[in-house]
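Quick caveat, the model's predicted, so the values are computed rather than measured.
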Amino acid sequence: MLPTTAVSPRSQGNGILSPRDAARHTAGAKRYKYLRRLFHFRQMDFEFALWQMLYLFTSPQKVYRNFHYRKQTKDQWARDDPAFLVLLSIWICVSTVGFGFVLDMSILETLKLLLWVVFIDCIGVGLLMATLMWFVSNKYMVKRQGKDYDVEWGYTFDVHLNAFYPLLVILHFIQLFFINHVILSGWFIGYFVGNTLWLIAIGYYIYITFLGYSALPFLKNTVALLYPFAALALLYILSLVLGWNFTEQLCLFYKYRVR
């Protein structure tokens with residue numbers, strides 16, 4: 001079993017980091033190192049990032065075991081390699097272009113949609129969700145207050161990216177093959193297939209988010225993050241009874257965005 005805490009090998013005899021090593025572990029230093037690696041592709045481990053993307057679908061618990069290992073070896077929970085973010089950006093670009101093609105958008109409209117998805121849906125919503133969860137987890141979920149019991153903002157952003165990836169693939173890639181001939185057909189089978197994909201995608205987001213925070217040994221009441229499943233199930237049933245088509249509304253919203 002992985003230990004819940006780790007002491008840096010460069011720590012002093014009393015377990016406290018020296019000033020030089022402490023500086024290396026500040027949020028600013030970690031952020032600088034992360035951003036610097038964005039411009040050095042040879043330093044990125046894309047093979048490992050692809051492994052994470054695969055296991056986020058099949059066994060997301062294994063992904064968070066690696067976060068434990070990183071805490072042991074590098075004394076931080078958040079990723080220090082931007083390879084996952086780079087691959088996610090590629091997925092966003094490719095799937096958004098596919099969405100533009102399916103919705104019969106022009107090149108200019110597709111470019112506008114891509115900018116919206118990248119800067120608003122991914123970055124903007126990601127920053128908002130990460131900040132919200134960083135505040136909530138540190139304010140209400142930490143078992144005890146202290147330097148060693150602090151949820152890193154970078155980690156909350158990583159949790160959001162982990163949860164966002166399956167949602168992106170399901171709604172922005174897999175769904176494309178069903179939009180025109182099935183989902184937008186106007187029949188029950190159309191909004192059943194579309195809304196079921198939404199159920200699965202959002203379910204993945206909720207579950208992977210829960211796993212991310214339950215992996216931190218100093219947090220409590222993480223099971224509360226599963227409560228939205230009840231509202232999600234109720235909304236899904238109501239959508240089928242009332243004939244709501246979430247994908248149709250998404251397509252109309254995307255077209256409205258690029259006017």
Side-chain angles (χ1 to χ4, degrees), residues 50 52-61 63 87-118 120-122 124-126 129 159-212 225-259:
L50 286 171
Q52 290 182 313
M53 288 181 164
L54 172 63
Y55 276 99
L56 282 172
F57 275 101
T58 60
S59 183
Q61 297 93 333
V63 176
L87 292 180
L88 179 64
S89 301
I90 295 174
W91 263 105
I92 292 174
C93 293
V94 172
S95 63
T96 303
V97 170
F99 230 109
F101 177 78
V102 169
L103 298 182
D104 197 27
M105 293 182 177
S106 66
I107 296 177
L108 180 59
E109 289 174 334
T110 302
L111 179 59
K112 289 180 180 179
L113 179 64
L114 178 60
L115 294 176
W116 270 101
V117 172
V118 170
I120 303 299
D121 298 346
C122 182
V125 175
M129 288 299 299
V159 171
H160 168 74
L161 293 182
N162 289 343
F164 180 75
Y165 171 69
L167 183 147
L168 173 73
V169 173
I170 294 171
L171 297 182
H172 251 233
F173 180 70
I174 296 176
Q175 186 172 230
L176 294 180
F177 299 96
F178 302 95
I179 287 182
N180 286 332
H181 302 292
V182 179
I183 297 177
L184 300 183
S185 64
W187 296 84
F188 171 80
I189 188 63
Y191 55 84
F192 172 75
V193 171
N195 292 1
T196 300
L197 289 175
W198 278 85
L199 174 70
I200 296 171
I202 298 176
Y204 258 113
Y205 187 92
I206 295 172
Y207 180 60
I208 293 177
T209 298
F210 159 74
L211 290 178
L225 297 175
L226 293 176
Y227 292 168
F229 266 118
L232 177 63
L234 178 61
L235 181 62
Y236 173 70
I237 295 173
L238 283 175
S239 70
L240 297 182
V241 172
L242 299 177
W244 297 340
N245 191 325
F246 297 138
T247 302
E248 182 180 23
Q249 296 304 313
L250 177 67
C251 293
L252 292 175
F253 178 62
Y254 275 180
K255 290 180 178 179
Y256 173 78
R257 271 182 163 182
V258 300
R259 284 182 181 177

Between Arg257 and Asp121, is the closest basic N to carboxylate O distance under 4.0 Å? yes
Donor-acceptor pair, distance only, cut-off 3.5 Å: does the side chain of Asn245 make one with the backbone of Leu184? no
Sub-6.0 Å ring centroid separation between Phe57 and Tyr165: yes
To the nearest 0.5 Å, tell me how far Ile208 CD1 sits from Leu161 CG. 11.5 Å
Within-4.5 Å side-chain heavy-atom neighbours: Cys122 and Val117: no
Would you say that Leu199 contacts Asn195 through its side chain, given a criterion of any heavy-atom pair below 4.5 Å between the two side chains? no
For a quick test of reading the model, state the closest non-hydrogen atom pair linking Lys112 to Arg259 and the distance between them. NZ-O, 4.1 Å
Steps toward side-chain contact (heavy atoms from CB on, under 4.5 Å) verdict (Tyr191, Ser239): CA-CA 8 Å; Tyr191 55 84; Ser239 70; over 6 Å; no
Taking side chain as C-beta onward, heavy atoms only, is Leu103 less than 4.5 Å from Lys255? yes
Of all heavy-atom pairs linking Leu176 and Gly98, the shortest is CD1-C, 3.8 Å
Please say whether more than 12 non-hydrogen atoms of neighbouring residues, nucleotides or ligands are located less than 6.0 Å from CD1 in Ile107. no
If you draw a 6.0 Å radius around CZ in Phe229, do more than 12 non-hydrogen atoms from other residues or ligands fall strictly inside? yes
Under 3.5 Å donor-acceptor, Ser95 side chain and Ile92 backbone: yes
Rounded distance (nearest 0.5 Å) linking atom CH2 of Trp244 with atom CH2 of Trp198: 14.0 Å
Would you say the rings of Trp187 and Phe192 are close, in the sense that their centroids are separated by under 6.0 Å? no
Please report the C-alpha distance between Thr96 and Trp116 in whole Å, then the side-chain angles of each, then the deciding distance to 0.1 Å, and finally whether the side-chain contact (heavy atoms from CB on, under 4.5 Å) criterion is met. CA-CA 10 Å; Thr96 303; Trp116 270 101; over 6 Å; no
If you define the side chain from C-beta out and look only at heavy atoms, does anything of Cys93 sit under 4.5 Å from Leu114? yes
Checking the side chain of Thr209 only, and the main-chain atoms of Tyr205 only, is there a donor and an acceptor separated by less than 3.5 Å? yes
Heavy atoms, side chains only, cut-off 4.5 Å: are Pro60 and Asn162 in contact? no
Do the side chain of Thr110 and the main chain of Ser106 share a donor and acceptor less than 3.5 angstrom apart? yes
Quick one: are Trp91 and Met53 in side-chain contact, heavy atoms under 4.5 Å? yes
Under 3.5 Å, is there a donor-acceptor pair linking the side chains of Thr196 and Tyr236? yes
Student check: side-chain heavy atoms of Tyr204 and Leu167 closer than 4.5 Å: no
Search all heavy atoms of Ile183 against all heavy atoms of Gly194 and return the closest pair with its distance. CD1-CA, 3.8 Å
Nearest heavy-atom pair of Gly190 and Ser185: which atoms, and what distance? CA-OG, 4.0 Å
For Phe99 and Tyr254: C-alpha separation, side-chain torsions, deciding distance, then whether ring pair (Phe, Tyr, Trp, His ring centres under 6.0 Å) applies. CA-CA 9 Å; Phe99 230 109; Tyr254 275 180; 5.2 Å; yes
Over all heavy atoms of both residues, which pair between Ile206 and Pro228 is shortest? Give the atoms and the distance, please. CD1-CB, 3.8 Å
Report the C-alpha separation of Phe177 and His172 in whole Å, then their side-chain angles, then the decisive distance to 0.1 Å, and conclude whether the ring pair (Phe, Tyr, Trp, His ring centres under 6.0 Å) test is met. CA-CA 10 Å; Phe177 299 96; His172 251 233; over 10 Å; no
Other residues, nucleotides and ligands only: do more than 12 of their heavy atoms fall within 6.0 Å of OH on Tyr256? no
To the nearest 0.5 angstrom, please state how far the CG atom of Leu87 sits from the CD atom of Gln52. 10.0 Å
With side chains defined as the heavy atoms from C-beta onward, is the minimum distance between Asn180 and Val102 less than 4.5 Å? yes
Take Cys251 and Ile179 through the side-chain contact (heavy atoms from CB on, under 4.5 Å) test and state the conclusion after the steps. CA-CA 9 Å; Cys251 293; Ile179 287 182; 4.3 Å; yes
How long is the straight-line distance from CG of Leu235 back to CG of Leu242, given to the nearest 0.5 Å? 10.0 Å
Supply the atom-to-atom distance Leu197 CG to Ile202 CD1, rounded to the nearest 0.5 angstrom. 11.0 Å
Show the nearest heavy-atom pair for residues Leu113 and Gly100, with the distance to one decimal. CD2-N, 4.5 Å
Between CD on residue Gln175 and CG on residue Leu168, distance to nearest 0.5 Å: 11.5 Å
